Amino acid sequence: MRMSQLVGRRVKEDPKDAVIPSHKFLIRGGYVRQVSAGIFSLLPIGKRIIAKIEAIIRDEMNKIDGQEIMMPVVLPAELWEESGRYESVGPELLRFKDRNGKRMILAMTHEEAVVHLIRTEVTSYKQLPVMVYQIQTKYRDEARARGGLIRVREFTMKDAYSFHTSQECLEEYYKEAHEAYVNVFRRIGMKNVLSIESNSGMMGGKVSHEFMAVSEFGEDTIFVSPDYTYRANREVAHADWKFEKEEPQELEKVHTPGKESIEEVSSFLGLKPENTGKAVFYKDHEGKLVFAMIRGDFEVNESKLSNFVQSAELEFADDELIRSVGAVPGFASPMSIDRDKVRIVIDRSIAESSNLVVGANEKDYHYKNFNYGRDLQDVEITDIATVREGDTCPVTGQPLKLERGIEVGNIFQLGTKYTETMNCHYLDENGKSQVPIMGCYGIGVGRSMASVIEQSHDDYGPIWPITIAPYEVQLCALNPKKDEIRELSEKLYKEMKSAGIDVLYDDRGEKAGFMFSDADLIGIPLRLVVSPKMLADGKVEFKRRGSRDGETWPVEEVMDKIKAEIAAEYEKFA
RNA sequence: CGGGGUAUAGCGCAGUCUGGCUAGCGCAUUUGGUUUGGGACCAAAGGGUCGCAGGUUCGAAUCCUGCUACCCCGACCA
């Protein structure tokens, strides 16, 4: 490709809206352009990167016997009504009507569509297990798009779905898919990606993993042990907390005028937050009150609580609802409240500690020396605590470290949630009707591209791994008005093209600095410069992206040497 | 959805408070010339419904009302 013809200009200044490096460079380098909030066009070099990422994904999916298909973006609402998600999913599902008034949706994921397909095409145990996948557009009407390609509304996703006759078979395939994902991210040159335990929550499965590109700009918080043996999303992370019981002392009501928060109460009484119990009230999806209690120095983990009470939409309860069960906001206690109207869930930190300060359900009063077992019985006890940096790793015993991550992929053991509700069956070897067990596997393609930039750039632009770089080699002709420069550059360009090398040829005759700055923004890993100075000695300069020092190659050796360099680059990601 | 901000040429911005000549600057673009190793120089040129609608006024980018879009923080996130 000749740079003089390339669509997509480079810009010198950072776009005012961009706050993270990948967003800045994607705009400045001419990879993408925003059309609307969270909606982007891909320009030629962006599209080439995406195509290369997709090719690697395809290769790995095909290796684990995936069969590529393509399902529609627009789906009838009735398909989503079958699974129940037409109602259960919020406004991020874009609903609309066609000209006949028929209710339609823009697919944000394809479990329904794939079950619709598989239930008619796969009817015998002999056809199982089977995996189908597609690389296709998804639309999610995000409340707030952000971070360039990190959180968008329309995006390309590879989504794969597997169907099995047994849980064992699913688990075995799940391992293969996990391995394939590791290969994908290695091959696209993502330097630091972790597979972590994640929250399958309402998706219906038991086991799931997220693949996180570690980045300070990630939206997810993850906890890892120092040796990375333990890796989990904050939503599900747990720690090896140790609590100690002391001799219970007599329950004592104390006057705490106007002291509502943990900090106020504990400092007023000359105690530490860990000597108190904190009450947090939520409203579940049916509007019922959930009373969560945790030791004062912890925070309630809403994901854990939400999973435990099987309610997808927990929200903070208002004071009116709290009072309706006999509790007093700011001075609430699980004792002496209407147990029929409220579900009480207490954290282990409460059940396994002693002599805590808790509310007295009376304005301006607390109790000292609350002890679970003596002062409260028969409530649900579980782990609803949010892990803090430095808490003890449940596996290694070491202090946990906090990282931020961009979710670039996820894999779920779904079970039969969709196959069952949508009447998907096959006949087993005994001629009996069975429901297949499902797994699903996603990769965000554009988000992966952005994540590679986050992990591989310098002040001047992205540094692409050769496996996904828009071109393998950039050829720069410095001063092509000079015949010998132009002639050699054209010759090298043609030779590389016919040798099957992806080459971007800067034939514009710009000043060196201008040309190199553009080259840095395009981030091609290998660069050849034809210049009068070098050519006087019969040499051409070779540079790697990211290094300011080059080598000089004799003109007649350029083709051999560049082929060797390209091969060596690919070797790094094999 | 809550809080904050922005909207003027392709991009980045000034002008708005305090209404007043033909709306300006840098970059980019086009033409001619000089240049050519890390974002050159000279000269000329093209490019604007000042987000939209309504109002006030002799006169509105500027004041008033309503709306919309976009960005940031938060909430939400199959």
Side-chain angles (χ1 to χ4, degrees), chain A residues 8-20 23-24 27-28 30 33-39 75 80 83-94 105-113 138-148 150-153 155 157 159 198-205 208 210 219-220 233 235 302-303 306 312-316 407 410 412 414 417-418 440 442 444 459-461 476-482 485 506 508-521 527 529-536 540-541 543 547-550 552:
Chain A
R9 70 171 76 241
R10 267 74 46 208
V11 294
K12 197 169 174 178
E13 287 159 289
D14 280 342
K16 62 169 178 176
D17 297 336
V19 290
I20 66 172
H23 190 190
K24 286 178 187 166
I27 299 295
R28 285 192 50 203
R33 291 288 180 253
Q34 181 166 331
V35 177
S36 183
I39 297 179
L75 295 171
W80 277 57
S83 71
R85 285 208 289 191
Y86 188 77
E87 282 77 27
S88 69
V89 172
E92 62 270 22
L93 177 64
L94 186 61
I105 62 145
L106 282 188
M108 54 195 292
T109 176
H110 279 81
E111 282 78 16
E112 286 80 0
K138 300 277 182 281
Y139 187 88
R140 296 179 189 182
D141 212 2
E142 291 285 348
R144 189 181 150 219
R146 71 184 93 182
I150 300 297
R151 175 159 297 267
V152 289
R153 295 196 294 174
F155 59 101
M157 184 174 180
D159 46 324
S198 68
N199 183 13
S200 34
M202 296 298 120
M203 276 293 273
S208 65
E210 288 164 340
E219 296 187 295
D220 288 275
N233 195 308
E235 292 178 341
E302 283 183 38
S303 304
S306 164
E313 295 153 37
L314 281 185
E315 51 183 292
F316 284 119
E407 186 188 344
N410 57 32
F412 283 92
L414 276 183
K417 174 172 170 163
Y418 297 95
C440 72
D459 291 346
Y460 308 100
C476 295
L478 226 177
N479 201 349
K481 277 186 187 163
K482 290 200 162 75
I485 298 294
D506 193 337
R508 298 173 300 168
E510 293 289 352
K511 298 265 294 181
F514 191 91
M515 193 164 56
F516 294 149
S517 295
D518 273 359
D520 288 344
L521 280 171
R527 183 183 307 172
V529 184
V530 179
S531 71
K533 204 166 73 185
M534 295 289 166
L535 193 55
V540 167
E541 185 180 336
K543 271 186 190 173
S547 144
R548 291 221 162 192
D549 305 314
T552 54

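So that the names make sense, note that chain A is the first sequence line, chain B the second, and so on, each numbered from 1. Computed from a predicted model, the values in this text were never measured in an experiment.
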Between atom NZ in A:Lys12 and atom C1' in B:G10, what is the gap in whole Å?
16 Å
Under 3.5 Å, is there an N or O donor on one side and an acceptor on the other linking the side chain of A:Asp518 and the base of B:G39?
yes
Rounded to the nearest Å, what distance is computed from the NZ atom of residue A:Lys16 to the C1' atom of nucleotide B:G12?
9 Å
A:Arg28 and A:Asp520: salt bridge (Lys or Arg N to Asp or Glu O under 4.0 Å), yes or no, with the steps?
CA-CA 11 Å; A:Arg28 285 192 50 203; A:Asp520 288 344; over 6 Å; no
Look at A:Glu111 together with A:Lys417 and state whether they make a salt bridge at an N to O cut-off of under 4.0 Å.
no
Which residue lies more 5' along RNA chain B, comparing A:Ser531 with A:Pro15 via nearest heavy atoms:
A:Pro15
What interatomic distance, in whole Å, is found between C1' of B:C11 and the corresponding atom of B:G20?
31 Å
Ignoring the backbone of A:Val529, work out which of B:C70, B:G37, B:A28 is nearest its side chain.
B:G37
So which nucleotide from B:C76, B:U29, B:G38 ends up closest to the side chain of A:Phe516?
B:G38
Rounding to an integer number of Å, can you tell me how far A:Arg33 CZ sits from B:G10 P?
14 Å
Phosphate contact (B:C76 OP1 or OP2) by A:Arg144 side-chain N/O below 4.0 Å:
no
Here the distance between atom P of B:C27 and atom CD of A:Glu510, to the nearest Å, is 15 Å
Over all strands shown, is A:Lys511 touching base, sugar-phosphate only, or nothing at heavy-atom distances under 4.0 angstrom?
base
When rounded to whole Å, the CZ to P distance for the pair A:Arg508 and B:A40 reads 12 Å
Which sits closer to the 5' end of RNA chain B, A:Asp520 or A:Ala37, going by the nucleotide each is nearest to?
A:Asp520
Proximal nucleotide (of B:G39, B:G37, B:A75) relative to the A:Lys543 side chain
B:G37
Output the single nucleotide from B:C70, B:U35, B:G37 whose closest atom is nearest the side chain of A:Lys481.
B:U35
May I have the distance from A:Leu314 (atom CG) to B:A75 (atom P), rounded to whole angstrom?
15 Å
What's the CD-P distance between A:Glu142 and B:C1, to the nearest Å?
15 Å
Within the modelled atom types, does a donor on one side and an acceptor on the other bring the side chain of A:Glu541 and the base of B:G37 under 3.5 Å apart?
yes
Going by modelled atom types, is there a donor-acceptor pair between the base of B:C77 and the side chain of A:Arg151 at under 3.5 Å?
yes
Short side-chain N/O contact from A:Ser36 to OP1 or OP2 of B:C70, under 4.0 Å
yes
From the set B:C77, B:A75, B:G37, return the single nucleotide nearest to any side-chain atom of A:Glu92.
B:C77
Please round to the nearest 0.5 Å and tell me the distance separating atom CZ of A:Phe412 and atom CD of A:Glu210.
7.0 Å
Atom NZ of A:Lys533 and atom P of B:U36 are separated, to the nearest Å, by 12 Å
Distance to the ring centre below 6.0 angstrom and angle to the axis at most 45 degrees; does that hold for A:Lys543 and A:Phe516?
yes
